[in-house]
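Numbering of ligands and ligand atoms starts at 1, following listing order.
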Amino acid sequence: MLFLNKEKGVIVNEIRVRIAPSPTGYLHVGTAHTALYNWFFARKNGGKFILRIEDTDIERSTKDMVDIIIESLKWLGIDWDEGPYFQSERYDQYREAANILEKKGYLYRCYCNKEEIEERRDKLISEGKAWKYDRHCLNLTEEQKERYEREGRLFALRFKVPEGITIFSDGLHNEIKRDNSEIEDFVVVRGNGHPTYNFAVVIDDSSMHISHIMRGEDHISNTPKQILIYNALDLDVPKFIHLPLILGEDRSKLSKRKGTVAVTDYRDMGYLPNAFVNFLALLGWSPAGEKEILSREELIDHFSIEALSKRSAIFDKKKLLWINAEYIKHMDAEELYKYVKPLWKKANFDLSLFDHNTLMRVIDLIKERARLLTDFVDSGYYFFREFDNYDEKGVNKHFLNDYSVNYLTLLSGEIEKLDKYSPDVIENLYRKIVEERNISAGKLIHPTRLALTGKTVGPSLFHLMEFVGKNRTLDRIKKAIDFINREND
Ligand code: GLU
């Protein structure tokens with residue numbers, strides 16, 4: 001067996017870290033954050049990053065979730081050097097380790113069923129006392145054991161926690177001490193034969209030669225139990241680093257109930273993987289002072305455990321949106337097109353209306369104001385197809401007044417006469433009308449935008465008009481005039 005082949009005291013010089021998600025749900029942003037720090041650490045130090053799927057909870061683990069977790073990691077651009085290993089395929093190892101522990105006298109069979117435990121626990125709690133497993137099965141007589149066996153009871157294997165103190169030094173929290181009297185004799189193998197998390201995780205981390213375990217702070221209470229198992233099996237204990245949890249904007253733990261926590265949801269909302277990675281990286285770490293936009297290479301280069309914050313960071317959605325907008329703005333149109341094209345196709349946009357270069361110019365135009373990839377659909381459909389809806393507030397303000405029909409009619413006539421339909425020519429036309437009539441530019445611009453896009457805001461009007469083209473501009477202005485006349489009737 002692998003982990004027993006490992007000689008105690010042999011220092012594995014290589015940095016080996018892992019992420020070990022349970023496929024009982026989507027990849028949570030907290031797990032993605034932990035994965036990212038482990039990955040940075042491995043990449044920075046020429047180490048190995050390992051993916052292990054902790055699927056021993058057979059009732060709650062699904063293959064679909066495994067697929068989504070893998071898809072999410074790939075989307076984030078986090079690659080792994082080994083794995084995915086599946087705990088469900090490693091039962092032989094757990095069984096063997098359990099046998100060794102049993103032989104060494106660390107385990108005992110516990111026949112108590114859930115109801116019996118609950119009854120004893122409730123009684124104690126009602127007396128105002130604290131509960132931990134009362135070692136009911138530690139000293140069963142042979143007759144008692146035989147009776148339970150005859151009754152066909154299943155037994156769990158419990159770890160007999162020795163007296164003493166368990167101490168470990170944490171990379172972020174310094175020394176953490178736990179009196180063993182506070183730790184109950186925990187289950188390592190359940191009645192149904194499945195190993196518990198605290199047991200399987202030790203066997204795996206040891207046999208996979210994990211050097212550093214960087215994981216969420218919510219596991220601090222598990223670590224002493226795991227160390228007891230390492231010691232009982234005479235295995236080297238890896239270094240532990242417990243990361244503060246990410247909090248929601250109300251400072252409570254991020255949860256599905258209160259917001260979006262699945263990485264794939266952020267992908268579907270229109271975030272770019274690099275922007276999302278940049279944002280996650282800054283939750284609990286300031287790699288470069290004030291500088292907040294950092295490439296993956298920079299993040300890897302700056303990464304160090306010592307620089308991580310001990311305090312929880314807040315998942316600030318506004319900042320995420322800002323970072324995403326920055327990435328979009330600075331991205332090359334060709335590069336953006338890779339993300340935008342599938343969205344446009346899905347929205348049934350007729351991309352053949354434009355040649356490739358023009359498409360790139362359309363992207364460059366939209367990207368100035370876009371914050372999400374989905375904005376390329378929401379702020380871009382009017383380049384590709386006709387529409388029927390106008391923004392309601394816009395209609396009240398820019399259509400239903402005493403000038404819009406007159407000006408739109410005037411514009412239509414003037415546009416008709418234009419030979420060249422380029423942004424500067426269109427702009428000159430608007431400027432001329434504004435000056436001649438001594439009116440505010442808004443009285444021309446707002447109704448035009450609403451007529452051409454159905455919206456009150458969007459990219460530079462004269463530029464977008466070029467892409468909509470003269471004929472479609474005239475058609476849409478006519479359609480808008482008809483609409484206003486109908487509304488006014
Ligand atoms: N499967 C555990 C989890 O998802 C892994 C914890 C650990 O990293 O040890 O929380």
Checking the N or O distance criterion of under 3.5 Å, is ligand 1 in contact with Pro21? no

Of all protein heavy atoms, the one nearest atom 10 (O) of ligand 1 is His219 NE2, 2.9 Å

May I ask you to establish whether Arg109 and Phe155 are in a cation-pi arrangement, using a distance under 6.0 Å from NZ or CZ to the six-membered ring centre and at most 45° from the ring axis? yes

Ranked by distance from atom 9 (O) of ligand 1, the top protein heavy atom is Tyr197 OH, 2.6 Å

**Request:** Assess the pair Tyr337 and His356: is the distance between their ring centroids shorter than 6.0 Å?
**Result:** yes

Look at atom CD of Glu163 and say whether more than 12 heavy atoms of other residues, nucleotides or ligands are closer to it than 6.0 Å.
no

Scanning both residues in full, the closest heavy-atom pair of Val201 with Arg215 reads CG2-NH1, 4.5 Å

So the atoms of ligand 1 within less than 4.0 Å of a heavy atom of Val201 turn out to be 9 (O)

Between Asp185 and the options Lys132, Arg135, Arg158, the side-chain hydrogen bond (donor to acceptor under 3.5 Å, both in side chains) test singles out Arg135

Closest to atom 8 (O) of ligand 1 among protein heavy atoms sits Arg18 NH1, 2.5 Å

One finds that the ligand 1 atoms under 4.0 Å from a non-hydrogen atom of Glu54 are 1 (N), 2 (C), 5 (C)

